[in-house]
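Before any comments, here is the structure.
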Amino acid sequence: QVQLVESGGDVVQPGGSLRLSCAASGRIFSINSMGWFRQAPGKQRELVARVGNTSNIMYADSVTGRFAISRDYARNRVHLQMTSLKSEDTAAYYCRSQITTSVHRGYTPSWGPGTQVTVSS
């Protein structure tokens with residue numbers, strides 16, 4: 001019954017900024033990694049940024065220096081601050097996390113429904 005919900009997607013001008021948020025809710029025992037993926041029409045889904053349980057962060061080369069991921073461990077939330085947005089950033093952005101609902105179970109992936117980011121003049 002764990003679910004992720006994204007928010008913050010919008011239409012923005014090139015060079016603009018946008019902040020995405022993801023909140024995990026439901027029966028949560030522990031969360032390992034949380035991150036963001038995106039998928040543009042006709043393209044495969046790709047990793048944008050991810051932060052692990054030890055605060056180790058990874059970024060896709062295409063967003064390094066422009067995007068910043070942050071995680072609120074206490075509130076089971078993760079955010080993605082996007083700056084200097086380009087038309088190439090246009091995509092549906094999905095929140096993903098590795099979650100376990102019990103000490104007796106391993107981590108399994110959960111996905112949010114996605115939020116659309118459109119960068120256009």
Within the 4.5 Å heavy-atom criterion, are P14 and S87 side-chain neighbours or not? no
Would you find a donor on one side and an acceptor on the other, under 3.5 Å apart, between the side chain of R50 and the backbone of I69?
-> no
For residues 59-84, the ring pair (Phe, Tyr, Trp, His ring centres under 6.0 Å) pairs (sequence neighbours left out) are none
Quiz item: When clusters are formed by joining ILVMFWY residues with side-chain heavy atoms under 4.5 Å apart, either directly or through shared neighbours, do L80 and V117 land in the same one?
Solution: yes
Distance col, row Q81:CD vs S70:OG, nearest 0.5 angstrom, shows 8.0 Å
Flag yes if M82 and Y94 sit in one hydrophobic cluster, no otherwise; membership is Ile, Leu, Val, Met, Phe, Trp, Tyr, and two members link when side-chain heavy atoms are under 4.5 Å apart. no
On a heavy-atom basis, the closest approach of T90 and Q116 is CG2-NE2, 4.0 Å
So the disulfide (SG to SG under 2.5 Å) pairs with at least one residue in residues 7-98 (sequence neighbours excluded) are C22-C95
The complete set of side-chain hydrogen bond (donor to acceptor under 3.5 Å, both in side chains) pairs with one or both residues in residues 29-38, sequence neighbours excluded, reads S30-Y107, R38-E46, R38-S62, R38-D89, R38-Y93
Exercise. In the single-linkage hydrophobic clustering (I, L, V, M, F, W, Y; side-chain heavy atoms under 4.5 Å), do V48 and L85 co-cluster?
Worked result: yes
In short, disulfide (SG to SG under 2.5 Å) pairs touching residues 47-82 with sequence neighbours left out are none
Contacts of R96 meeting side chain to side chain donor-acceptor pair (under 3.5 Å) (sequence neighbours excluded), chain-then-number -> Q98
Please answer: with hydrophobic residues joined when any side-chain heavy atoms are less than 4.5 Å apart, are W111 and L47 in the same cluster?
-> yes
Please report the C-alpha distance between Q3 and I99 in whole Å, then the side-chain angles of each, then the deciding distance to 0.1 Å, and finally whether the side-chain contact (heavy atoms from CB on, under 4.5 Å) criterion is met. CA-CA 10 Å; Q3 65 177 0; I99 300 174; over 6 Å; no
Requested in this report: Could you check L4 against S97 for side-chain contact (heavy atoms from CB on, under 4.5 Å), going step by step and ending with a plain yes or no?
Outcome: CA-CA 8 Å; L4 304 176; S97 65; 3.4 Å; yes
Here the pair of heavy atoms bringing S17 nearest to T83 is OG-CG2, 3.5 Å
Residue pairs meeting salt bridge (Lys or Arg N to Asp or Glu O under 4.0 Å), one or both in residues 5-26, sequence neighbours left out, come to none
**OP:** Check the surroundings of atom CD in Q44: do more than 12 heavy atoms from other residues, nucleotides or ligands lie under 6.0 Å from it?
**Re:** no
- Kindly say whether S84 contributes a backbone atom to a donor-acceptor pair with the side chain of R66 at under 3.5 angstrom? yes
Between R71 and I31, is there a side-chain heavy-atom distance shorter than 4.5 Å? yes
Is there a path of hydrophobic side-chain contacts, each under 4.5 Å between heavy atoms, that joins V78 and M58? no
Problem - Any donor-acceptor N/O pair, T100 side chain to R105 backbone, under 3.5 Å - result: yes
Rounded to the nearest 0.5 angstrom, the OG-CZ distance for S25 and R75 is 13.0 Å
